[in-house]
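A, B, ... follow the sequence lines: proteins, then strands. Residue 1 opens every chain.
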Amino acid sequence: MELKLYNTYKRVKEVFTPLVNSKVSMYTCGPTVYDFAHIGNFRTFVFEDLLKRWLLHLGYDVVHIMNITDVDDKTIAKARNLEVALNTITDYYYKCFLQDARWLKILPANKYPRATGSIDKMIEIIQSLLNNGFAYREPDGSVYFRIKSFSDYGKLSKINVLNQKKTKRIETDEYDKDTPNDFALWKGWKEDDGDVVWNSPWGKGRPGWHIECSAMSMENLGEHFDIHCGGVDNIFPHHENEIAQSVCFSGEKFVNYWLHSEFLMIDDEKMSKTSLNYLTVKDLKKKNFSAESVRYQLLSGHYRTKLSFSTKKKQQSDKAVHRIYEFHLMLINKGALDIKSDKLPNSYYIFADCMNDDLNTPKAIAEFFTWMKLMTKKINQNKSLTSDEIGAAWNYLVIFNDIFSFINQNKNIIPANVMDLIRKRDIARSKREWGYADEIRSQIKELGWLIDDTPDGQKVKKA
RNA sequence: GGCGUCGUACCCAAGUGGCUUAAGGGACCGGUUUGCAAAACCGUUAUUCGCCGGUUCGAAUCCGGCCGACGCCUCCA
């Protein structure tokens, strides 16, 4: 089965064919580094990571660019409030973002270009748009894109701009634009911008939001590339505007596949900074979430459906991830690491079909669990599995984990103090000093490790 | 007002015309195992898919209406 992806532009699943055979160019809208990213933001980043991992698994060479928005109203406002330079803020939150992403096991992008690093390219694009009548200047030094000049405007979001309800913002903005929906390519300098300013052919100022993604994507991936992702809230206006600018600039098609992930909800409402109902990675760590458990929650729903994240579901995701962990230990006990095999169980092919069907992760995970249950049954019943079967199972598990990263390998590293206690408990148990053994068990628990007494002796694992 | 998504068991969540008298996970209950415990494993749990009509030999799946939830319409992943 070929990979099919749901293209927002056409609103149907399409067979994925890259522009260049076996190579995929992928641009994903990254964070605005004015604060910590929340788990809702990370839902999208984890989805994009999953897409990339699947493409890699299918054998594609993926070039992944994720931009960092380091100049906009919010970053400027924060720097101003704290009375520090803009890059003091953006450097700090950029670093935090990378740390959080690493904790969530998101594979790094090939490059994280920053908006402030591409001002020249933005100016080049804006100048060209002005020269060709797609944009116009205003007396305050701003440059606007003229949406009437682009007949496909609104095609991605299916929005007819002339039909829209007028929000307060548009009403107050209207005086200085041809059409209220024209958007800023360049914002003329205002006092609030302070020293955040660049020179341009049309005066001092700073770039508008949308232009940065056109500049950075074209600079790094060319004027026409394969995949562009983001959250659904980026469909309009951000991606709509990107298309307008980019196509009018290059005269070429901009992006072949637009993919958008749905929102992460919390208490039935969109998680967002303005609603103050968000959780950061820091919050999750405080609540004792493992990265694997968080990933499970984020990937156990399809990326195009709204998903509720909740600490109440922690037990569910902890348990599910734990079972996979136990299963992987079981295979190791069966000597999986010493077997060399290039076979795969049949379940893998069903799993792959699910993934190829627009990344149907819930179905793919369900298939994996069904197979896992069958395998554990066989192993527990001591049916003699051939080494080929074990090898094939292991290969499948490795692939599954390459895609989902639900297994925490660090769990296998036991600290020395815990090891000491385990040895003491072994002795106590052999002397049948049950009271003392129980006491040691609770000491170990306090250190964050759990003991399983099995026929083969004690087994330790991270709580 | 325009555009769009969704409503499946106690909870999460697939399925979008017959392979399903509805996957998978969690929880619960029962069992195996165990010094105890935990874990693990085994088993049970929706004749039914928001409601009402219609199309069809056949619908959770298509159509219409209604109810409910949510999102976008220039801060937003």
Side-chain angles (χ1 to χ4, degrees), chain A residues 8 11 28-32 34 37-48 72-74 77 154 157-167 169-170 173 180-184 208-210 229-238 240-241 260-265 268-275 296-297 300-302 304-310 312-324 326-327 329-330 354 360-373 376-377 379-381 429 432-435 437-438 441-442 445 450-455 459 461:
Chain A
T8 307
R11 313 267 163 154
T28 61
C29 284
T32 302
Y34 74 106
H38 60 66
I39 190 65
N41 302 130
F42 278 113
R43 180 194 187 181
T44 296
F45 303 142
V46 167
F47 147 67
E48 291 158 351
D72 82 316
D73 291 352
K74 282 184 283 196
S157 54
K158 289 195 166 177
I159 281 177
N160 177 352
V161 284
L162 303 171
N163 225 341
Q164 295 306 299
K165 191 176 176 178
K166 282 190 185 173
T167 62
R169 186 178 186 114
I170 286 178
D173 267 6
N181 299 284
D182 285 352
F183 58 91
W209 173 36
H210 318 294
C229 306
V232 284
D233 52 342
N234 279 160
I235 296 172
F236 191 87
H238 187 50
E240 195 70 71
N241 293 351
H260 294 95
S261 61
E262 253 298 346
F263 284 128
L264 189 66
M265 315 294 282
D268 286 332
E269 271 186 34
K270 173 182 162 184
M271 186 181 284
S272 73
K273 285 281 164 62
T274 37
S275 317
Y296 184 88
Q297 276 207 35
S300 62
H302 189 257
R304 281 191 292 112
T305 65
K306 292 180 186 74
L307 179 74
S308 289
F309 187 90
S310 96
K312 284 181 216 148
K313 283 159 81 175
K314 181 175 181 293
Q315 190 198 9
Q316 287 188 30
S317 47
D318 282 356
K319 192 75 188 282
V321 158
H322 178 73
R323 276 186 54 197
I324 299 167
E326 287 286 331
F327 178 69
L329 288 186
M330 194 184 263
C354 298
N360 192 335
T361 51
K363 205 174 174 184
I365 293 170
E367 173 54 33
F368 182 82
F369 269 107
T370 306
W371 168 81
M372 194 174 94
K373 199 169 186 172
T376 36
K377 204 175 206 169
I379 292 171
N380 277 323
Q381 287 172 353
R429 271 166 50 86
R432 308 193 135 251
E433 292 169 356
W434 306 126
D438 289 352
R441 182 163 61 198
S442 52
K445 194 177 177 184
L450 297 177
I451 296 289
D452 293 349
D453 289 326
T454 73
K459 293 249 166 80
K461 65 191 177 201

field: Gap between atoms CG and P, on A:Leu307 and B:rU5 respectively (whole Å)
entry: 19 Å
query: Looking only at heavy atoms, which two atoms of A:Lys270 and A:Ser275 are closest? And how far apart?
result: O-OG, 4.1 Å
message: Heavy atoms from C-beta onward define the side chain here; which of B:rA77, B:rU74, B:rC41 lies closest to that of A:His210?
response: B:rU74
message: When you measure from the side chain of A:Asn41 to the backbone of A:His38, do you find a donor-acceptor pair of N or O atoms at a distance under 3.5 Å?
response: yes
message: Nearest to the A:Gln316 side chain among B:rU5, B:rC11, B:rA27, which nucleotide is it?
response: B:rC11
- prompt: Which whole-number value in Å describes the distance from A:His302 NE2 to B:rC6 C1'?
  reply: 14 Å
- request: Please report, rounded to the nearest Å, how far the P atom of B:rC3 is from the CG atom of A:Asn181.
  value: 16 Å
- prompt: Has A:Trp434 got its ring stacked on the base of B:rG35, with centres under 5.5 Å and planes less than 30° apart?
  reply: yes
query: Between the main-chain N or O of A:Glu262 and the side-chain N or O of A:Arg43, is there a donor-acceptor pair closer than 3.5 Å?
result: yes
field: 5' priority, RNA chain B, between A:Met372 and A:Tyr34 [closest heavy atom]
entry: A:Met372
- prompt: For atom P, what is the distance between B:rA14 and B:rU8, given to the nearest Å?
  reply: 11 Å
query: To the nearest angstrom, how far is A:Lys158 atom NZ from B:rU5 atom C1'?
result: 13 Å
- line: Note: for A:Ser300 and A:Ile39 on RNA chain B, the residue whose nearest nucleotide lies more 5' is A:Ser300
query: Of the nucleotides B:rG24, B:rA77, B:rA13, which has the atom closest to the A:Met271 side chain?
result: B:rA77
statement: Every stem of 3 or more Watson-Crick or G-U pairs under 3.5 Å that RNA chain B joins, in order of first number, is B:1-7 with B:67-73, B:10-12 with B:24-26, B:29-32 with B:40-43, B:50-54 with B:62-66
- prompt: Taking only side-chain nitrogens and oxygens of A:Lys377, does any of them come within less than 4.0 Å of OP1 or OP2 of B:rG43?
  reply: yes
- request: Could you check whether A:Phe369 gets within reach of a base, just the sugar-phosphate, or nothing at all, counting any heavy atom under 4.0 Å?
  value: sugar-phosphate
message: Between B:rG4 and B:rU47, how far apart are the two P atoms, rounded to whole Å?
response: 35 Å
- request: Among B:rA14, B:rG24, B:rA77, find the nucleotide with the atom closest to the side chain of A:Lys363.
  value: B:rA14
- prompt: Between B:rC72, B:rC70, B:rA77, which nucleotide has the shortest distance from any of its atoms to the side chain of A:Lys270?
  reply: B:rC72
Nearest-Å distance once atom P is located in both B:rG25 and B:rC42: 10 Å
message: The side chain of A:Ala366 is closest to which nucleotide in this list: B:rC70, B:rA40, B:rG24?
response: B:rG24
message: Taking 4.0 Å as the cut-off, does a side-chain nitrogen or oxygen of A:Lys312 come that near to OP1 or OP2 on B:rC11?
response: no
message: Test your reading of the model: is there a side-chain donor-acceptor pair from A:Gln297 to the backbone of A:Ser310, 3.5 Å cut-off?
response: yes
message: I want to check one thing: is the phosphate of B:rG15, taken as OP1 and OP2, less than 4.0 Å away from some side-chain N or O of A:Asn360?
response: yes
query: What interatomic distance, in whole Å, is found between P of B:rU16 and the corresponding atom of B:rU61?
result: 12 Å
field: Whole-Å C1' distance, B:rC70 and B:rC62
entry: 24 Å
- request: For A:Gly230, report the nucleic acid contact type (base, sugar-phosphate, nothing); a contact means any heavy atom under 4.0 Å.
  value: sugar-phosphate
- prompt: When all nucleic acid strands are considered with a 4.0 Å heavy-atom cut-off, which category describes A:Ile235: base, sugar-phosphate, or nothing?
  reply: nothing
- request: For nucleotides B:rU56 and B:rG17, find the distance between their C1' atoms and express it as a whole number of Å.
  value: 9 Å
field: Minimum-distance nucleotide (side-chain atoms of A:His38 versus B:rG25, B:rA77, B:rC75)
entry: B:rA77
query: Quick one: salt bridge (Lys or Arg N to Asp or Glu O under 4.0 Å) partners of A:Arg304, sequence neighbours excluded?
result: A:Asp358
- prompt: Are any of A:Arg323's side-chain N or O atoms less than 4.0 Å away from OP1 or OP2 of B:rA39?
  reply: no
Between B:rA9 and B:rA22 - P atom distance, rounded Å: 14 Å
- prompt: Mind checking the C1' distance from B:rU33 to B:rA39? Whole angstroms is fine.
  reply: 11 Å
message: Measuring from the side chain of A:Arg429 (C-beta onward, heavy atoms only), which nucleotide among B:rC36, B:rC12, B:rC75 has the closest atom?
response: B:rC36
- request: Describe, in one word, how the ring planes of A:Phe45 and A:Phe42 are oriented to each other, choosing from parallel (under 30°), tilted (30 to 60°) and perpendicular (over 60°).
  value: perpendicular
- prompt: To the nearest Å, how far apart are A:Phe183 CZ and B:rU74 P?
  reply: 14 Å
- request: Just say parallel, tilted or perpendicular for the rings of A:His210 and A:Phe183, cut-offs at 30° and 60°.
  value: perpendicular
task: Quick one: list whatever passes salt bridge (Lys or Arg N to Asp or Glu O under 4.0 Å) with A:Lys273, sequence neighbours left out.
output: A:Asp35
task: Provide, to the nearest angstrom, the distance between the NZ atom belonging to A:Lys306 and the P atom belonging to B:rA13.
output: 12 Å
- prompt: When only distance counts, do a donor and an acceptor, one from the side chain of A:Arg441 and one from the base of B:rA37, lie under 3.5 Å apart?
  reply: yes
task: Using a cut-off of strictly less than 4.0 Å, decide whether A:Thr44 has a side-chain nitrogen or oxygen near OP1 or OP2 of B:rC76.
output: no
field: Candidates A:Gln315, A:Lys314, A:His322, A:Gln316 - the one meeting side-chain hydrogen bond (donor to acceptor under 3.5 Å, both in side chains) with A:Asp318
entry: A:Lys314
query: Quick one: does A:Asp453 reach the base of B:rC36 with a side-chain donor-acceptor pair under 3.5 Å?
result: yes
statement: In terms of heavy-atom contacts, A:Lys158 and A:Glu240 come closest through N-OE1, 4.5 Å
field: Distance in angstrom units between A:Phe236 CZ and B:rG2 C1', rounded
entry: 12 Å
message: Can you say whether a donor on the side chain of A:Asp438 sits under 3.5 Å from an acceptor on the base of B:rG35, or the other way round?
response: yes
message: Nearest whole Å is fine: how far is B:rG15 C1' from A:Glu367 CD?
response: 14 Å
task: State whether the number of non-hydrogen atoms from other residues, nucleotides or ligands found under 6.0 Å of A:Arg432 atom CZ is greater than 12.
output: no
task: Looking at every strand, decide which applies to A:Thr28 at a 4.0 Å heavy-atom threshold: base, sugar-phosphate, or nothing.
output: nothing
- line: Taking B:rG25, B:rC3, B:rC75 as options, the one with an atom nearest any side-chain atom of A:Tyr296 is B:rG25
message: Starting the side chain at C-beta, find the nucleotide from B:rA38, B:rG24, B:rC76 nearest to A:Asp452.
response: B:rA38
